[in-house]
Structures are given as structure tokens and as C-alpha cells.
Amino acid sequence: MKQVYALVDCNNFYASCEKLFRPDLRQTPVVVLSNNDGCVVARSREAKALGIKMGVPAHHIQDEIRRYGIQVFSSNYILYGDMSRRVMVTLESLAPRVDVYSIDEAFLDVKGIDALVPFEDFGRQVKDTVYQNIGLPVCVGIAPTRTLAKLANYAAKKYPATGGVVDLTDPARQRRLMARVPVEEVWGVGRKLTAKLQAMSVTTALHLADAEPATLRKRFSVVLERTARELNGIPCLPWEDAPPPKKQIMCSRSFGHPIQALPDLEEAVSHYATRATKKLRGGQQYAGELIVFIRTNPFRATAPQYSKSASLRLVSPTQDSRVIVGQALNLLRSMYQSGYEYAKAGVMLSELVGETGHQTDLFEGPVGTDITDDRAVRLMAVMDDINRKSSTSICMAREAGPAAYAMRREHLSPAYTTNWKQLPKVM
DNA sequence: TCTGGGGTCCTAGGACCC
DNA sequence: TCTGGGGTCCTAGGACCC
């Protein structure tokens, strides 16, 4: 039987999450800002209508915010993560297989469902059920490949007459839609590719679908060739039953304010290293390589610039916070130069391996640092367990104290769903 | 005052081997 | 007169996504 995907994508996800708990803002334009209240990362329908662009720095739209009374929110990832989980649980109750693709979208396996109910009706059931259970609006696109399902979802969002659901399983309908869709809207075609394609007079999705696959591979790469084949209804992207294990884990942040002193940087790097290592343990993985970077603010053209990264191969893969934090601090001290205003730092873990499939150290020292050190593994488990209740109960000594690097989040909404003290109240 | 964070995949080119 | 060819591995960089 032919594969059929339904792509379910939440509308203006972060903005919708904020509105959900603020019914008073139902008709108000809302924007959500990135970390540090930097740029716009989500806009409600009303904000889009006002011409607020995705990705603009917040300080560029201060006029519009005042003039139109736009409500501004800092990113509240705890809230969005929790709402996302609820949406995905509902989707899992509706389809036999669900591939969670990002925080606000998932591919459903709907192969054969049309034997019971037409695809479009099924799409409406999904949309209505998510709205009833969670209160968030979604659109649904149904098609034989992921790339076409993305396109169907785009149409569902763009054309209100569709009611937010588009069944694109019919090839004639696929071609009619593709003729109307600019090539840059195709999944996998970004800014650079758009410019190159337009120069070759490939301006619509249909032009791309009708291009010669061999030419695409030669002039671009196998990636674009696959995209074109997918537009023709030939699946080239395999179904992901289980998410593939991560290859790298990163934790980095811009600071709320510039930092000069080494101890303040040490605090930030310790914190990022701790967070990255916690993610590592969450995936039952061990890191074989550690990379730390620091940099000044490249947007401040007049200030002296410094950007440096340093890496270290761990003798034996580890998931011990004490080891990773210690080594991250060593790397930081090796690169640190005084006299600069640092704006950002980060810690990356790579060469990740699972419980098995790694080599132990021939010269393993007395202080066990690796997977074979049972005491370290148990200590970390206890620490994670305690921190599950309150994320800051136990931390590395280096992280203690008020954070000089703390993010700016001046418009943060309450933790409506994850903190008893912040539950929404109905008056 | 002031521009996010976290990922993946692919390719080209150099080093090295026989 | 005139510098092989084929293969693998690694890294850096580019492109994309949300």
C-alpha cells in the first residue's frame, strides 16, 4: 500500500500558547521574542497582518509595538514544551504512527485510513480533536511524501477556504497547487537555493518538480534532487520509527549583559556544561569530545572582537558532570583573554556513544571518569533525581551565586501548567 | 541599550595509503 | 622530455530546518 503522510502543524505555536492563557488578548496582536528578548520568533495572525516580520530584532519594531498595542512575550520554553507534549499525546491517540518532527509539528502515518474515512474528513477530526483537547489551532496537510505534505500544510494555512485541511493525494491537484506556489516555499529550498534556482528560471514548485533530476544533482546536490522527486510523489525520506540517536549536544546562550571577568565566564560555562551533560544522561549517551567557545558581540563593529573555541578529546567517553565541567573550565581558561566584552559562550558535546560500543581507557586512572565507573553513574543518577523536583537544588559549586550572565526576559509569562503557584485563576 | 539556540546532512578538498 | 591512479578518512564549510 502506498505511503500517506499527514503533517499536523500548530498555527503560530508560541503566540497561540500565550494567547491560550490570556483570553483577554484574543483579538490583540501578539509577538514572542527569542532568548534575551532578541528577535521576533512567533507572531499571532494579527501581528502578521500588521507586517511584523519573522526574525526582526525587537528593538527595530518599538514604534509598531507602541502604535498598535502589540503584546510582547519573552520565550517561555517550559510552557511551550509542556503544551507540545499535550498535543503530541493527542496525536498519538489518533494515528498508528507519529513522528514528532519539531516542537510544533508531527507527521502521522495515515496509510489506509481512507478505507474508513476520506482523508480530508480524517484531517478535520484531527484538527477538531486537538482544538477540543488542548485549545490550540492546527492545520493538516495530507500527501504521499513528506515534502508534499509540507506543501499541503502550507496551502491549508494560506487559503482560509480550505478550513485548515488539505488532501493532496491526487496528482492533478498536486500539480495545480505547485504551479501557484513560489519555489522558496518548498521544504528544503532556502534563501541561497532560491536565488540560484530563480537565475535558472525555476520560480515555482512545479518548475522544480519538472526539472531534470540528474541536472539537479549535478548543479546542486543529491538533497535537491530528492526534494524534486518527493514533489513528484516519490518518497525519498524514510519513515523514522525511533528518533535516531543524537550526534552532538549543544548548550549556548548570549548573555543578558556583556561580561569581562573570567570568574563570570566560568560561571556561565559551568552552567552550560552542566545542562549539556544532563541532556547527555537523558539520552543515555556518553561524550567523547568536548568543545567550548566564547565570543564578543560581532554586531558591535566598533568594539574589539575576539572569538575562540577549544576542544578536547576525552580519554574515555563520560557522562559525569564533574569531569565535563572541570575540563570545560580548563578549556575556557586556556582561551580567555582579558580586556574584551564577552557576549556569548557555549559548550558542545560530540563523538557521542551509547552504553555499548565505546572503548575503555587502557590507562584508566584512580578517579573513574567513565562509563565503567559505577559510583559516578550512581552519583549522577541521584543528582538528576533530586533535581527533577526542583532544577536548581543541587548544582556544581562553580555555578552558585547570582548569575552575571543571566538572560534578559522582561516579558515572561507565568509557568501556567508546570508550577502550582502559577496556575491560571478563573475569577 | 539593542540581532536566538539547537540541530542535521552533504560536499569538496587535503592527507595518506598502496 | 615531461610527474599514476584509485581508494579511504577526516575536516571545514555551506546549506537547510524549526
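In what follows, chains are A, B, ... by sequence order, proteins preceding strands, each numbered from 1. Since this is a predicted model, take the numbers as computed values, not measurements.
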**Report entry** B:dT3 to C:dC17 separation - P atoms, rounded to the nearest Å
**Finding:**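 Taking atom P in both B:dT3 and C:dC17, they lie 25 Å apart.
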
Requested in this report: Indicate whether the side chain of A:Q198 and that of A:T203 have a donor and an acceptor atom separated by less than 3.5 Å.
Outcome: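 No, no side-chain donor-acceptor contact under 3.5 Å.
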
Phosphate contact ([N] OP1 or OP2) by [X] side-chain N/O below 4.0 Å:
X	N	answer
A:K196	C:dC16	no
A:K279	B:dG7	yes
A:N297	B:dT3	yes

Any base atoms under 4.0 Å from [X], or only sugar-phosphate, or nothing? Heavy atoms, all strands.
X	result
A:I103	nothing
A:V56	nothing
A:L33	nothing

Requested in this report: Please tell me which of the listed nucleotides, B:dG6, B:dC2, C:dC18, lies nearest to the side chain of A:D104?
Outcome: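 Closest nucleotide among those given: C:dC18.
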
Query raised in the report: Which one, C:dC16, B:dC2, C:dC18, comes nearest to the side chain of A:Y101?
Result: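 Selected nucleotide: C:dC18.
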
Requested in this report: Decide ring pair (Phe, Tyr, Trp, His ring centres under 6.0 Å) for A:W187 and A:Y101; before the verdict, give the C-alpha distance in whole Å, the side-chain angles of both, and the deciding distance to 0.1 Å.
Outcome: CA-CA 13 Å; A:W187 193 37; A:Y101 177 71; 5.5 Å; yes

Round to a whole Å and report the spacing from [atom1] of [X] to [atom2] of [N].
X	N	atom1	atom2	value
A:E230	C:dC17	CD	P	14 Å
A:D37	B:dG4	CG	P	12 Å
A:H271	B:dG5	NE2	C1'	15 Å
A:Y272	B:dG5	OH	C1'	11 Å
A:M250	B:dG4	CE	C1'	11 Å
A:Q285	B:dG7	CD	C1'	13 Å
A:N35	B:dG6	CG	C1'	11 Å
A:R409	B:dT1	CZ	P	24 Å

**Report entry** Geometric cation-pi criterion, A:R85 with A:Y80: 6.0 Å, 45°
**Finding:**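 No, a cation-pi geometry is absent between A:R85 and A:Y80.
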
Query raised in the report: Cation over ring, A:R253 on A:Y405, under 6.0 Å and within 45°?
Result: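 Cation-pi check for A:R253 and A:Y405: fails.
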
Query raised in the report: Are the side chain of A:N153 and the backbone of A:L7 linked by a donor-acceptor contact shorter than 3.5 Å?
Result: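 Flag set: sc A:N153 to bb A:L7 pair under 3.5 Å.
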
Query raised in the report: Along nucleotides 8-15 of chain B, 5' to 3', which nucleotides get a B, which get an S, and which get a -, given that the test is a protein heavy-atom distance under 4.0 Å?
Result: BSSS----

Requested in this report: By nearest nucleotide on DNA chain B, pick out whichever of A:H59 and A:R275 is the more 5' one.
Outcome: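 Comparing both residues, the 5'-ward one is A:H59.
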
Query - Rounded (10°) bend between the five-pair end axes of the helix from B:dG5-C:dC18 to B:dC18-C:dG5 - result: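 Between the axes fitted at each end of the helix from B:dG5-C:dC18 to B:dC18-C:dG5 lies an angle of 10°.
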
